[in-house]
There are 2 protein chains.
Amino acid sequence: MTQFADPKTLSKAELESGGIFAPKFDTNGLVTAVTIEAGTNEVLMVAHMNAEAIAETLRSGHATYWSRSRGKLWKKGETSGELQELVELRTDCDQDALVVVVNQTGHGAACHTGRKSCFYRRVEMTDGEIKLAGTGDAPLFDPEDVYGR
Amino acid sequence: MTQFADPKTLSKAELESGGIFAPKFDTNGLVTAVTIEAGTNEVLMVAHMNAEAIAETLRSGHATYWSRSRGKLWKKGETSGELQELVELRTDCDQDALVVVVNQTGHGAACHTGRKSCFYRRVEMTDGEIKLAGTGDAPLFDPEDVYGR
């Protein structure tokens, strides 16, 4: 089992300015992982990682998350072929979130709907009413062909 | 009090492809908000929003979060002057995360450490050892001058 430093044992200065990686996991043992495309910085998806997923991502060079719905380690693309090659992993000031910089392989679709990004809808307020509108990000493949659903 | 549609009342197709905004709040009533800079797409910070913060962000045109540490609504920049002008708000496929596209005003520092981005450290694995290294993102102001700490 992968062990990282416990953030509670670090001072605020050590946590925020130091070289010790001490991810601040939530009560479920997870940190938020924001995955962006290398080069464009486009946000592809938001997922979660536990200690094992972080270590596996660094070891394998492929983004690996913790699937909350399936309750297991999730190598992104293991079913769809949409693997994510790790370019860089970053952490934030208080070490409770990660940015995963990747090259999106396969069709170039990080989203299970077949789109490049999961963030394909805008939230708009018109005359006090809030609605969603598409950003124009169209599916690159048919999810039924890839996932059989 | 701001009310949005309950995602549990929507089908998967409605939730993922429809025009109804139905944010899937966690047990604390929060969704993850990833704030990026308009134009560059650079990830500035990761925070949280409750229903009121989302509505206030859309109404006011300035990014407003829920501060988990202070337990109250947090208009980003109200103390530091580092206000974030809303350019676009996006939601993801299952509506449990938001991307907040902003113009970062003030010194241009989203991070309380005075840096542009909270993600100023890389996680690196060398010979099996995991350490943090700076990305070169230097402070744009002295936090003591701005926050008095």
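So that the names make sense, note that chain A is the first sequence line, chain B the second, and so on, each numbered from 1. Fair warning: this is a prediction, and the values are worked out from it, not measured in the lab.
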So for [X], is it side chain, backbone, both, or neither that comes closer than 4.5 Å to the heavy atoms of chain B?
{"X": "T91(A)", "value": "both"}
{"X": "L58(A)", "value": "both"}
{"X": "T135(A)", "value": "side chain"}
{"X": "A97(A)", "value": "both"}
{"X": "V99(A)", "value": "both"}
{"X": "V43(A)", "value": "side chain"}

Would a hydrophobic clustering, with Ile, Leu, Val, Met, Phe, Trp and Tyr connected at side-chain separations under 4.5 Å, put [X] with [Y]?
{"X": "I130(B)", "Y": "V31(A)", "answer": "yes"}
{"X": "V34(B)", "Y": "V100(A)", "answer": "no"}
{"X": "L15(B)", "Y": "F25(B)", "answer": "no"}
{"X": "L132(A)", "Y": "F4(B)", "answer": "yes"}
{"X": "I36(B)", "Y": "V123(A)", "answer": "no"}

Notebook entry, point to check: Is L30(A) isolated, or which residues cluster with it under the ILVMFWY side-chain rule of less than 4.5 Å, directly or via members?
Noted result: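 Grouped by the 4.5 Å side-chain rule, W66(A), L73(A) form the rest of the cluster around L30(A).
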Margin query: Please evaluate residues Y120(A) and E16(B) with respect to the criterion side-chain contact (heavy atoms from CB on, under 4.5 Å), reporting the C-alpha separation (whole Å), side-chain torsions for both, the decisive distance (0.1 Å), and the verdict.
Written below: CA-CA 10 Å; Y120(A) 52 83; E16(B) 297 190 348; 4.0 Å; yes
Solution key, residues 46-55 of chain B side-chain donor-acceptor pairs under 3.5 Å, sequence neighbours excluded:
unit_1, atom_1, unit_2, atom_2, d
H48(B), ND1, R68(B), NE, 3.4
N50(B), OD1, E52(B), N, 3.3
N50(B), OD1, A53(B), N, 2.8

Checklist line | Minimum heavy-atom distance R121(B)-G18(A), with the two atoms named | finding: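 Closest heavy-atom pair between R121(B) and G18(A): NH1-O, 3.1 Å.
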Item checked: L98(B) versus F119(A), closest heavy-atom pair with distance ->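 Nearest pair, atom of L98(B) first, then F119(A): C-CE2, 3.8 Å.
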Checklist line | Nearest-0.5 Å distance, CG of residue D92(B) to CG of residue L44(A) | finding: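 Going from the CG atom of D92(B) to the CG atom of L44(A) covers 12.0 Å.
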Check: Who among M125(A), E42(A), M45(A) has the most heavy-atom pairs with chain B under 4.5 Å?
Finding: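 Looking at each option in turn, the highest pair count goes to M125(A).
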